[in-house]
There are 2 protein chains.
Amino acid sequence: MLDHTDKRILEELSRNSRLTMKELGEKVHLTGPAVSARVAKLEDSGVIEGYTIKVNQAKLGYAIHTFITIITESIFHQSYLSFIKTQERYLINNYKISGDGCYLLECKFPSNEELNEFLKELNEHANYKLSIVIEK
Amino acid sequence: MLDHTDKRILEELSRNSRLTMKELGEKVHLTGPAVSARVAKLEDSGVIEGYTIKVNQAKLGYAIHTFITIITESIFHQSYLSFIKTQERYLINNYKISGDGCYLLECKFPSNEELNEFLKELNEHANYKLSIVIEK
DNA sequence: CCTTTTGACTTTATTTATGAAAGGAGTGAA
DNA sequence: TTCACTCCTTTCATAAATAAAGTCAAAAGG
């Protein structure tokens, strides 16, 4: 289904998704049209879900990166889920998990003040454990 | 420093980083060369860190997505850090965190067997708490 | 008030990449 | 052998990127 060349293509596009088909072709030893056809297949089959950029959140003013383990008391999660929908500017990911907690919420904040305010509001909907990312 | 148009550019490129400069220009009401110059600025200033793809890990055979909270007993983390360097195929991210644990390790696995084997080996270097992602 | 400078943009023209079409090499099945 | 199939290359028309020159408006200085 996926041969070595396809994996090379995924590696190269992960590193730089704005390569031209010609450049990508040179890296994996194919011509432009050939590599273009393979990329189209990878898109159609859903292996490549999309093309995106890595944004430096700190330079956008979001210096604080956190993971918040959510423990909801009630069996109804709707209160928590509705709340985070109103907090999109802070959200990176919300994972439903099994294990120690119901959700793992990945967030970014510009300042401790805003983090603190967020946690205060969050606490009305769920308990939490906070982890702050020091280094990636 | 970063005006509304720059933010629009970041949004559009986050959604699809393979837009042509012409298409991107149309979306933000600029010509190709104008938007190209802005993107170059965003790259030079480090706001755009890179261009990448979203890969469907499940379709690559990695169906299991986990977060593992690492608690190292000793004050020397080297044993753990050396270990994970040998496990690159499973690794997505390793965050050094403050809070409940020393590291938060994001991993992917093809099967419970390999996850189990990984945990067994991990346990020689650190204690852990496992969370498995059910939904994103 | 006029002139100059600056920055961000558009226009134009050249270079370069894309993508469709045709053709060839290798593989497996009848 | 022959056919069908897949995957590739080559070629070429079209489209995009990029460099250079020109436009315009706002700010600074005489």
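Because only heavy atoms are used, hydrogens play no part in the values below, and waters and symmetry mates are left out as well, while side chains stay in. Order of the sequence lines sets the chain letters (A, B, ...), proteins ahead of strands, with each chain counted from 1.
To the nearest angstrom, C1' of dT18(C) lies 12 Å from CD of Glu23(B). Leu24(A) places its CG atom 13 Å from the C1' atom of dT18(C), with the value rounded to the nearest Å. Residue Met1(A) contributes atom CE, which lies 14 Å from atom P of dT6(D) at whole-angstrom precision. Note: CE (Met21(B)) to P (dA16(D)) measures 12 Å, nearest angstrom. The distance from atom CD of Glu26(A) to atom C1' of dT16(C) is 13 Å, rounded to the nearest whole Å. Nucleotide dC8(D) holds its C1' atom 13 Å from the CG atom of Asp3(A), rounded to whole Å. Rounding to whole angstrom units, CD1 of residue Ile9(A) and P of dC8(D) are separated by 8 Å. When the P atom of dT18(C) is taken as reference, atom CZ of Arg18(B) falls 7 Å away, rounded to whole Å.
Between Tyr95(B) and His65(A), the two ring planes are perpendicular [angle over 60°; tilted spans 30° to 60°].
The nearest pair of heavy atoms linking Thr52(B) to Ser17(B) is O-OG, 4.0 Å.
The side chain of Ser36(B) contributes no N or O atom lying less than 4.0 Å from OP1 or OP2 of dA17(D). For the pair Thr31(A) and dT9(D), the criterion of a side-chain N or O lying under 4.0 Å from OP1 or OP2 is met.
Between Tyr80(B) and Leu122(B), some side-chain heavy-atom pair lies under the 4.5 Å cut-off. Annotation: side chain of Tyr128(B) is not in contact with side chain of Leu105(B) (no heavy-atom distance under 4.5 Å).
The nucleotide whose nearest atom lies closest to any side-chain atom of Arg38(A) is, among dT18(C), dT10(C), dC8(D), dC8(D). Among the nucleotides dC9(C), dC8(D), dA17(C), the one closest to the side chain of Leu30(A) is dC8(D).
Two residues, Gly32(B) and Lys41(A), neighbour DNA chain D, and the one matched to the more 5' nucleotide by heavy-atom proximity is Lys41(A).
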